[in-house]
Structures are given as C-alpha cells and as structure tokens.
Amino acid sequence: KPVSMNAFELISRSQSFSLDKLFEK
Amino acid sequence: MGCFCLKKLRHKPGYEAPINLASETPFTVNEVEALYDLFKKLSSSIIDDGLIHKEEFQLALFKTSNKQNLFADRIFDLFDIKHNGVIEFGEFVRSLSVFHPNAPEADKIAFLFRLYDLRQTGCIEAEELKEMVTALLCENNLSLSEDVVDLIVEKTMMEADTKRDGKIDDEEWKEFVKKNPSIIKIMTLSDLKELTLAFPSFVMNSGVSDL
C-alpha cells in the first residue's frame, strides 16, 4: 500500500539504502 | 648476541591515528582499528591505494562495480567530505560514526537531510522527492504509475511542507522526523556496536585493549 506511506518511509523501508553490506565478509 | 629488526608499520596516505579518530567519535581506539581492517579490505578491492573509490564502494554494496544507485551515490558523496572523488580513512570513520547506535540523533537527522537534498540547495524539493521515489522503484524493479508516484510525493509534501512553499527546509524536516521517527532507523547500523566481534582478526593484531 505505497500511497498510505510517505515517500521517506518508502525509501527507508527499501533495500536501496543499506550500508549493512559493507560489513559482510 | 641476538638481532632483531624493527619493522616500521607503514600506512597509506590518508591514514589517521586511531586515537585521534576515537576522541572525535563514539568509537573506541580498538574499534577504529577494527574499522581500519574493514577499510583496508574495501580500499584494496580494485585499486590498492588506501582510498575507497566509488567503484569499490559499489562493489562492497552490490557485488558489482557498475550498478547505478542514486542513494549509494549520495552516501558516497557525503562520505567524501573533501569532495576529491575518494573516501579516505578519516572520512570513512567520521562518516560511519553518524550511524553508530550512540551517535547523537541530531547528527543522524542532519545527515539524512543532506542525503535527500540531492542538489544541495538547503531544502528538499518536491522534484527531488519524486526523483528519489522513481529511482527507488526502478532500483527495486518495482513499477507504479506516474500518477501514484505523484500522489505519494504530494501526500509527503502535504505532511512535511508545513510552510507550503513547495520545499522542505531544515526546520520542517526536524518536525517531520519527530512525527515519523521510523524514517531515521536507517541511520543506525547495529554492526557498529560489536565491531571487534565482527572483525576478530584485528584483536589478534592489536596491542590495544579496550577491555
């Protein structure tokens, strides 16, 4: 239900923004 | 009489002493040295020059060095504090420190604002918001009609742009985050709290102990 979310919530929930992978071995 | 060689530890250009970086950030000296292990790995993945190039950053995030990603580009640009196209060790530690669970929330809010201010005008404009939503859909192979994207942007601007001038300024952003705290969750990396566990090899090499 993307329309019920604000754009920043959408961005924060997506995998587009994740630095976790920097720590993967 | 025995003989020994004192081999001087040589660091690449851009290296900064962990003790200095630890004094400016929530990291301990041991953790900064653990980050140096990680930095060495990332900065030598394509060109072993002690600097993280954009391709190396992309390689670490996406396992490929030629994937275009708007958010990764923005993060790289913000980490590249000197704007010289590469991330040095000090820049890496200082920038990552904002993602530390104990970093001040105000720093996280300000960093995210700068990240979303794509054209660095000091405001997040509706057009930038649309660009980010479109990029995120594209990068995740999702498709929504342009009308739906416009609706999402419009709804967000209605909530955040309380001055109704078509852009979200710093003050409006802080208020918006207060009402929607979940949007700064991405500014905290839990891995940063257990760094020396994530990189135990370092503990073997270090003479420093935080314990």
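Just so we're on the same page: letters track the sequence lines, and every chain starts at 1.
- For chain A, the nearby part of B/Leu129 is the side chain; its heavy atoms alone come within less than 4.5 Å.
- Neither the backbone nor the side chain of B/Phe39 comes within less than 4.5 Å of any heavy atom of chain A.
- In this structure, chain A has a heavy atom under 4.5 Å from the side chain of B/Ile124, while its backbone stays farther away.
- Taking 4.0 Å as the cut-off between side-chain N and carboxylate O, B/Lys130 and B/Asp150 count as a salt-bridged pair.
- Chain A forms the most heavy-atom pairs under 4.5 Å with one residue out of B/Leu70, B/Thr156, B/Leu137, and that residue is B/Thr156.
- With 3.5 Å as the limit, one finds a donor-acceptor pair spanning the side chains of B/Lys108 and B/Thr188.
- For residues 77-86 of chain B, the set of pairs meeting the side-chain hydrogen bond (donor to acceptor under 3.5 Å, both in side chains) definition, not counting sequence neighbours, comprises B/Lys82-B/Glu88.
- Heavy-atom pairs under 4.5 Å with chain A peak, among B/Leu42, B/Val153, B/Leu189, B/Leu192, at B/Leu189.
- A salt bridge is absent between B/Lys167 and B/Glu172; no separation between the charged side-chain nitrogens and carboxylate oxygens falls under 4.0 Å.
- With a 4.5 Å cut-off on non-hydrogen atoms, B/Leu142 does not touch chain A at all.
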Name the atoms and distances for all side-chain donor-acceptor pairs under 3.5 Å in residues 55-62 of chain B, with sequence neighbours left out.
| from | atom 1 | to | atom 2 | distance (Å) |
| --- | --- | --- | --- | --- |
| B/Glu56 | OE1 | B/His53 | N | 2.9 |
| B/Glu56 | OE2 | B/Ile46 | N | 3.0 |
| B/Glu56 | OE2 | B/Ile47 | N | 2.9 |
| B/Gln58 | NE2 | B/Lys67 | O | 3.2 |

